[in-house]
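Computation of the quantities below employed the complete heavy-atom set of this structure, encompassing side-chain atoms and omitting hydrogens, waters and symmetry-equivalent molecules. We name chains A, B, ... by the order of the sequence lines, and we start the count at 1 in each one.
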Amino acid sequence: MNRILITSAIPYINGIKHLGNLVGSQLPADLYARYNRGRGREVMFICATDEHGTPAELAAAKAGQPVDEFCAEMHGVQAEIARGFRLSFDHFGRSSSARNQALTQHFAGKLAENGLIEEVVEQQVYSHADGRFLPDRYIEGTCPNCGYDKARGDQCENCTKQLDPTDLIDARSAVSGSTDLEVRETKHLYLRQSAMKDKLDAWISAKADWPVLTTSIAKKWLHDGDGLQDRGITRDLDWGVPVKKGDQDWPGMEGKVFYVWFDAPIEYIAATAEWADANGKADADWQRWWRTDMGADDVKYVQFMGKDNVPFHTLSFPATIMGSNEPWKLVDYIKSFNYLNYDGGQFSTSQGRGVFMDQALEILPADYWRWWLLSHAPENSDSEFTWENFQQSVNKDLADVLGNFVSRVTKFCRSKFGEAVPDGAYGDSEVALIDELTPRIRAYEGHMEAMDVRKAANELRAIWVAGNEYLQSAAPWSVFKENPERAAGMIRLSLNLIRLYAVLSAPFIPDAAATLITAMNTDDAWPDDVSAAMDVLKPGHAFTVPDNLFSKIADEEREGWQARFSGVRD
RNA sequence: GGCGGUGUAGCUCAGUUGGUUAGAGCAGCGGAAUCAUAAUCCGCGUGUCCGGGGUUCAAGUCCCUGCACCGCCA
């Protein structure tokens, strides 16, 4: 399979994500995308904003904007931050697109045709003042249990008791404060996931190579209690995909929209169609990624997400795909992540705790964050961000080991031989280094193929260290005094090593890699043959000495950030 | 209350289907070198693998139990 389809869980439109969100989906997805492109494979890397639902409506109202304008603006903000982190999406779509609307309605129609949609009448609270139905959590009142006066319709945060909105005393709308509420009957559509339980179970059971985090969460939902439950896929809202059966009206569902979790994963497909539209491509150009009857059988499809998104991607979305009875591409591998904690607690969007993506970029270039986050990715268990650890790791790995290697080699060369690759033969120590590097690079590739992010980072670091070890024992600065030609061979190898590092490191630290490629005045072809790769830069090849790749984080800086980010975001 | 997860060196973490003296990076200590961003390289770990039982020739690795922290659900 030389075509790889990669999707990252799509971030909600409401606000800017924190570093924990980033490392759980978009960043490792980008790492994998860049690696595969580096290996010469055809990659389609898709992400988007998840724009529908009540939180977006309320955030827009708070900002005094129509919800569509609000989303358009926030999409722009998130896209800009993604560029700042060098997330190399082929397309960053929007779940509110016409493409997604049509596809979502199409899937709903097919599911209905196949008897997988059930219409259910239920009771829900309607607010006359707001002119809308209110989700349970947007109804406030006094808790009948403990008397707390800001209990929510789904749960009292004070005594943690689960509530029904009708339990609340003096219930009022959390949106407007109005007490003019009424319980009304309303009809909703349910996706009959329970009818597909066995099929999903068999599918998941066959995925022995998936991370246990992924399969264990899926199995839990499949087998816990009464097993996989049907889920409502519609809501009484204005902002969303209107409920339709394909392009036909759906009697009795007028004025309702599909619930976000139904339309959000369909956006992976729709965003690829958006990509085609944006680039003047034909439908066949996106369908070859998604329709197994149009070439997608040759595609390897990998999804990246945090563990909170696993149920939707292992059960709900596959139920949608399978239930359509159409030849859509199912996911081949789901890479899931645990949570990243922040300095002893959790990152929290709602509480504004931790470092958010825009703030991170204000402080330091993307490469610093990319390197630390990926080399500490929460793969096997939750992991922890601390400022001391961040400072030490980044200073040591990036500035001291990699950056300083480049600096010492290029500056030594400039002072003794000038800014061109010197002419000198390779001896035993150079061959020995190549012999050490070759299995290391193969191991690095293996970890990248397996999406073992931390292991890949560790191997890459070891490859950087090998250069310093070599240089230290070869000691061209000493050899030069007696045998300049021998020293020239050592430096020629070291300059080629810099090029090698740039190529290998690009998925982790793309900006620094690009700087090195430019400085070395060379290309970024992958080192399939390490020996040959050590001979790309020929004697006489001109280069320039780059500025220091990474400046170090000073203690005072770290302390300042520590203080600045100790509280909550404004 | 139920279910699940985690608990390994000062810190962040690896430890495959139970099998030799439990590992890595960072920090710390000692040394070498001086090309380089006072960077680099070499050497140095007697850790109750949370506590307590148990299975086994053999357990960080399996079972039971207690404790701590964290999730999810009622």
From the list B:C42, B:G25, B:U34, which nucleotide is the closest neighbour of the side chain of A:Arg461? B:G25
Rounded to whole angstrom units, what separation is found between the CH2 atom of A:Trp477 and the P atom of B:A32? 16 Å
Using atom CZ of A:Phe480 as one end and atom P of B:U34 as the other, report the distance to the nearest whole Å. 15 Å
With P as the reference atom in both, quote the distance from B:U16 to B:G60 in angstrom, rounded to an integer. 13 Å
Please identify each residue that fulfils side-chain hydrogen bond (donor to acceptor under 3.5 Å, both in side chains) with A:Ser336, with sequence neighbours left out. A:Thr214
Excluding sequence neighbours, so at least two apart, what forms salt bridge (charged side-chain N to carboxylate O under 4.0 Å, His left out) with A:Arg486? A:Glu430
Between B:G53 and B:C44, how many Å separate the two C1' atoms, rounded to a whole number? 38 Å
Do the charged groups of A:Lys300 and A:Asp332 touch, with an N to O distance under 4.0 Å? no
What residues form a salt bridge (charged side-chain N to carboxylate O under 4.0 Å, His left out) with A:Asp198, not counting sequence neighbours? none
Would you mind checking if A:Arg499 and A:Asp524 are paired as a salt bridge, meaning a charged N to carboxylate O distance below 4.0 Å? no
On RNA chain B, compare the nucleotides closest to A:Ser478 and A:Ala466; which residue's is nearer the 5' end? A:Ser478
Identify, with sequence neighbours excluded, every residue that meets side-chain hydrogen bond (donor to acceptor under 3.5 Å, both in side chains) alongside A:Arg86. A:Asp511
Could you let me know what B:A58 is paired to, Watson-Crick or G-U wobble, both distances under 3.5 Å, or none if it's on its own? none
Tell me which nucleotide, if any, is Watson-Crick or G-U wobble paired with B:U40 when both distances must be under 3.5 Å. B:A32
Look through every strand shown and name the nucleotide pairing with B:C69 as Watson-Crick or G-U wobble, where both distances are under 3.5 Å. B:G5
Determine the Euclidean distance between corresponding C1' atoms of B:A14 and B:C26; express it in Å to zero decimal places. 14 Å
Spacing of the P atoms in B:G51 and B:U56 (rounded, Å): 22 Å
Below 4.0 angstrom, N of the basic side chain to O of the carboxylate: do A:Glu436 and A:Arg440 qualify? yes
Would a line drawn from the ring center of A:Phe417 to the ring center of A:Phe480 be shorter than 6.0 Å? yes
Short heteroatom pairs, N/O only, protein and nucleotides 36-39 of chain B, under 3.5 Å:
unit_1, atom_1, unit_2, atom_2, d
B:A36, O3', A:Ser407, OG, 3.3
B:A36, O2', A:Asn404, OD1, 2.4
B:A36, O2', A:Ser407, OG, 3.1
B:A36, N3, A:Asn404, ND2, 3.1
B:A36, N3, A:Arg408, NE, 3.2
B:U37, OP1, A:Lys411, NZ, 2.9
B:U37, O4', A:Asn548, ND2, 3.3
B:U37, N3, A:Phe550, O, 2.6
B:U37, O4, A:Leu549, N, 3.3
B:U37, O4, A:Phe550, N, 3.2
B:U37, O4, A:Phe550, O, 3.3
B:A39, OP1, A:Lys552, NZ, 3.1
B:A39, O5', A:Lys552, NZ, 2.8
B:A39, O2', A:Asp400, O, 3.2
B:A39, O2', A:Asn404, ND2, 2.5

Pick out the pairs of N or O atoms, protein on one side and nucleotides 5-15 of chain B on the other, that lie under 3.5 Å.
unit_1, atom_1, unit_2, atom_2, d
B:U12, O4', A:Asn389, ND2, 3.1
B:C13, OP1, A:Glu384, N, 2.8
B:C13, O2', A:Arg454, NH2, 3.4
B:A14, OP1, A:Asn380, ND2, 3.2

Looking at A:Arg564 and A:Glu362, is any side-chain nitrogen of the basic one under 4.0 Å from a carboxylate oxygen of the acidic one? yes
Strand partner of B:U21, provided both Watson-Crick or wobble distances fall under 3.5 Å: none
Determine the interatomic distance between P on B:C3 and the same-named atom on B:G66; round to the nearest Å. 12 Å
In whole angstrom, give me the gap between the C1' atoms of B:G52 and B:A68. 15 Å
Taking the P atom of each, how far is B:C64 from B:C72, in whole Å? 25 Å
Tell me the interatomic distance from A:Arg558, atom CZ, to B:A27, atom P, rounded to whole angstroms. 13 Å
If you look at every heavy atom in A:Thr186 and A:Gln124, which pair is closest and at what distance? CG2-OE1, 3.7 Å
To the nearest angstrom, how far is A:Trp464 atom CH2 from B:C41 atom P? 13 Å
B:C41 and B:G54: how far apart are their P atoms, nearest whole angstrom? 48 Å
